[in-house]
Amino acid sequence: MGVVGRNCSYILFMLHQHPSNRRAIQQVHCQLLVRNDLRLLRVWNFILRQYALCVFPQEAVSLFKQQCSQVGFFFDSFTYSFLIKASANLTQFGLGKQVHCLSNKAGFHDNGYVQTALVDMYMKCGCLVDAQKVFDEMPKRNSVTWNALLTGFIRWGDLVSAQSVFDRMPGKNVVSWTGLLDGYTRMNRFHEAFSLFQRMFLFQGIRPSEVTLLAIFPAIWNLRDVGFCQLVHAYGEKSGYNASDVRVMNCLLDAYAKCGSIGCALRVFEEILDERKNLVTWTSIISGFAMHGMAEEASKSFRKMQSTGLTPNRVTFLSVINACSHGGLVDEGLEFFKKMVNEYAIIPDIKHYGSLIDMLGRAGRLEEAEKIAKEIPDDIGNVVVWRVLLGACSFHGNVEMGERVTSKIMKMEKEYGGDYILLSNIFAGVGRYADSERVRRRMDRKNAAKVTGLSFF
DNA sequence: TTAGGGTTAG
């Protein structure tokens, strides 16, 4: 730009001195064209990037088509990178393939940025073979290319390929370690995730990033490791992530709650400055209270959150209804449900219904629970909520409803033997041993074996 | 101005 500018000034000077010099005019024209194109391309690319990265990747494609119609317009590696990114964000494999061909034709088949963006795009679109092919054909790869391949395999649950990429890649960095570690936590292999974390930090001396911390949290709370919570807490404090990234703090408070330390969770919550608390922060603490049966605190937090101007979402409502359910605040739980539907126009999903039925069932308000179960739209209807109701019938010894609910469950799913056993237990509980036996025999005839208890809530 | 990493429902 500086050189072009200086050349132009010089030629303009010459032009003033020799107005009839045709060659000088041509040179200026040429330079201005070049300069204009470059400037224009930068502007186009900038807009393309904004579209590609934001919520309107389709706009990036329209813009590119518009550019294509301009005669003599050329594109650089930035243009193609952004466009490939847009295709990835749209998960449009066909579009990505077209851009791939165009970029190759334009001579970017050996450009590291463009080719890496292609690996990433194919991976995001689920075209693992195409991604691998682009990767294999690249003359030179860097750590970003390797990481794009590695994280792509993780995205599709192919831990074996990801591990193989990790083992082969030179210059593993924090993204590579975090990617693999995340893969292990996703596959519920928490001990291996922990061991990777330790190898990375202690033996390789690579400092975990905020993303590493976010990735290791599921391992922490699945293994109920409060000690590790404290370690991450201290590290987050020292590294500055606690102050800079509210997501880390949200995860930390959630992990403390899930590990059974609601006191520590509350301390983390209070450590977060009020202006930094977001909807997830509030939802996490409400959910924490729910886990510990602290319905009053959950309800109070909900109202406090509303007073800060934040709008609750379906997760917030589920958490507060769960809290009411576990803490026995039945009417308040019903009020929250009504508020969610009427004031916030949130359509309840099966988990909201399940929580509500569980809450009413625990309180022995079985008729209301049954009424709600019947109101669940067929398209989201789930046999699990009826089993929750059956469990409540069993607990409260309601034979009539127990029979009704069982036949409903039988209609929905005939193979589950556990329901026969529950009904049989209901009969036995009120002394109707003949009926109890009859149900057991029916179960045997249908050869439906009882499976281990499983909850979806 | 370009490439890589999952905060809340237990």
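Order of the sequence lines sets the chain letters (A, B, ...), proteins ahead of strands, with each chain counted from 1.
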Measure from the side chain of Thr283(A), starting at C-beta and using heavy atoms only, and say which of dT8(B), dT1(B), dG5(B) lies closest. dT8(B)
Any donor-acceptor pair under 3.5 Å between the side chain of Ser209(A) and the base of dG5(B)? yes
Which residue in the set Thr308(A), Asn250(A), Thr283(A) passes side chain to side chain donor-acceptor pair (under 3.5 Å) when paired with Asn278(A)? Asn250(A)
Taking the six-membered ring of Phe78(A) as reference, does the NZ or CZ atom of Arg49(A) fall below 6.0 Å from its centre and within a 45° cone about the axis? no
Can you tell me whether the side chain of Ser81(A) and the base of dT2(B) have a donor-acceptor pair closer than 3.5 Å? yes
Contact under 4.0 Å: Lys258(A) side-chain N or O vs dA9(B) OP1/OP2: yes
Using the aromatic ring of Phe46(A) (for Trp, its six-membered ring), decide whether it stacks on the base of dT1(B) within the limits of 5.5 Å and 30°. no
Is the closest side-chain heavy-atom distance between Thr281(A) and Ile285(A) below 4.5 Å? no
Heavy-atom side-chain contact between Phe64(A) and Phe75(A) under 4.5 Å: yes
What's the NZ-P distance between Lys85(A) and dT1(B), to the nearest Å? 18 Å
Does dG10(B) have its OP1 or OP2 closer than 4.0 Å to a side-chain nitrogen or oxygen of Asn322(A)? yes
N/O donor-acceptor pair, side chain Ser77(A) with base dT2(B), under 3.5 angstrom: yes
Output yes when at least one side-chain N/O atom of Arg314(A) is less than 4.0 Å from OP1 or OP2 of dA9(B), else no. no
Below 4.0 angstrom from OP1 or OP2 of dT1(B), is there any side-chain N or O of Arg49(A)? no
